[in-house]
Engineer: 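What follows is a single structure, and I will ask about it in a moment.
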Amino acid sequence: MRAEIATPIRLRSYETPTAVEEVDCTIVQAARATSAASTFFKPIVIQGQCFVDGATGYNNPVEEVLDEVQHIWSSDGRRVERFVSIGTGKPVLEPFGQNLKAVAEALVRISTDTERAAERFEKTAVRAYGFSGLYFRFNSHGLEKVGLENYSSLGRIVAATNNYLNENDTRKKLDAFAANIPCT
């Protein structure tokens with residue numbers, strides 16, 4: 001996200017039919033720009049523009065991805081065959097808060113929540129664009145309290161991920177996803 005005007009930007013490694021190339025950067029610079037979470041990594045300046053993490057409001061950019069897909073391929077009649085969204089863990093349900101600090105913390109949780117964007121996308125875009133059976137959301141539980149600062153929690157992350165992948169519902173979704181992949 002641009003720090004100067006707080007809008008998301010699409011850092012592309014490809015050209016699109018109508019989009020203006022806004023920033024010419026390396027893959028390393030793009031990765032740094034998308035991971036510049038202010039409390040962990042410094043913002044990065046590319047071509048005079050300052051970039052910060054887009055977590056607030058764009059922590060799950062699924063709607064931006066759909067817009068990009070439509071922007072690139074809608075005119076040539078291509079059809080979306082799969083739309084995959086991978087989450088970072090389902091949030092626990094917590095109260096809104098009784099004091100200013102608790103309310104502020106709740107507002108941060110709400111503004112960085114990836115599941116609400118996924119649910120909104122599934123309710124609207126999936127139905128509107130005929131993605132029924134084509135949209136797959138994978139998101140584990142058990143990692144709710146693991147944040148960016150918990151880099152030493154690799155064992156917990158691996159265990160929770162393996163547990164999620166072995167759950168019956170997850171296996172069914174993975175099988176459904178794999179069953180529809182065209183062989184080339």
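No hydrogens, no waters, no symmetry mates; every other heavy atom, side chains included, goes into these values.
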Engineer: Check whether F136 forms a cation-pi arrangement with R82 (NZ or CZ under 6.0 Å from the six-membered ring centre, at most 45° off the ring normal).
Structural biologist: no
Engineer: Answer yes or no: is there a side-chain heavy-atom contact under 4.5 Å between F51 and I9?
Structural biologist: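 Yes. Closest side-chain heavy atoms under 4.5 Å.
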Engineer: If you compare all heavy atoms of Q49 against all heavy atoms of V23, which two are closest, and at what distance to 0.1 Å?
Structural biologist: NE2-CG2, 3.5 Å
Engineer: Taking the side chain as every heavy atom from C-beta outward, state whether N163 and L165 have any pair of such atoms under 4.5 Å apart.
Structural biologist: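 SC-SC contact between N163 and L165 ruled out.
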Engineer: Atom CD of Q29 and atom CG of L11: how far apart are they, to the nearest 0.5 Å?
Structural biologist: 9.5 Å
Engineer: Do the two ring centres, one from F121 and one from Y135, sit under 6.0 Å apart?
Structural biologist: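 When the ring centroids of F121 and Y135 are compared, they turn out to be within the sub-6.0 Å range.
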Engineer: For the CG atom of L134 and the CZ atom of F177, what is their distance to the nearest 0.5 Å?
Structural biologist: 10.5 Å
Engineer: So, E68 and R10, do they make that salt bridge, N to O below 4.0 Å?
Structural biologist: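 Judged by the 4.0 Å cut-off on N to carboxylate O distance, E68 and R10 do form a salt bridge.
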Engineer: Are the side chains of R137 and E119 in contact, using a 4.5 Å heavy-atom criterion?
Structural biologist: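 When only atoms from C-beta onward are counted, R137 and E119 do not touch, as no gap falls below 4.5 Å.
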Engineer: Using 0.5 Å steps for rounding, measure from the CG atom of L66 to the CD atom of E63.
Structural biologist: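 Rounded to the nearest 0.5 Å, the CG-CD separation comes to 8.0 Å.
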Engineer: For I86 and V84, work out which heavy atoms get closest and say how close.
Structural biologist: CG1-CG1, 4.0 Å
Engineer: Should L174 and F138 count as side-chain neighbours, where that means a heavy-atom distance under 4.5 Å?
Structural biologist: yes
Engineer: Does the Y164 side chain pair with the main chain of N139, one donor and one acceptor, at a distance under 3.5 Å?
Structural biologist: yes
Engineer: Find the distance between CZ (R120) and OG1 (T124) and round it off to the nearest 0.5 Å.
Structural biologist: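 So the CZ of R120 and the OG1 of T124 are separated by 7.5 Å.
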Engineer: Report the distance from atom CD of E167 to atom NZ of K173, rounding to the nearest 0.5 Å.
Structural biologist: 9.5 Å
Engineer: Show, in sequence, the C-alpha distance, side-chain angles and deciding distance for D175 and R171, and conclude whether the salt bridge (charged side-chain N to carboxylate O under 4.0 Å, His left out) test is met.
Structural biologist: CA-CA 6 Å; D175 289 345; R171 295 288 333 143; 3.7 Å; yes
Engineer: I need the T26 OG1 to R32 CZ distance, nearest 0.5 Å.
Structural biologist: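 That separation rounds to 11.0 Å.
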Engineer: Mind listing the closest non-hydrogen atom pair of A33 and I46 along with its distance?
Structural biologist: CB-CD1, 4.4 Å
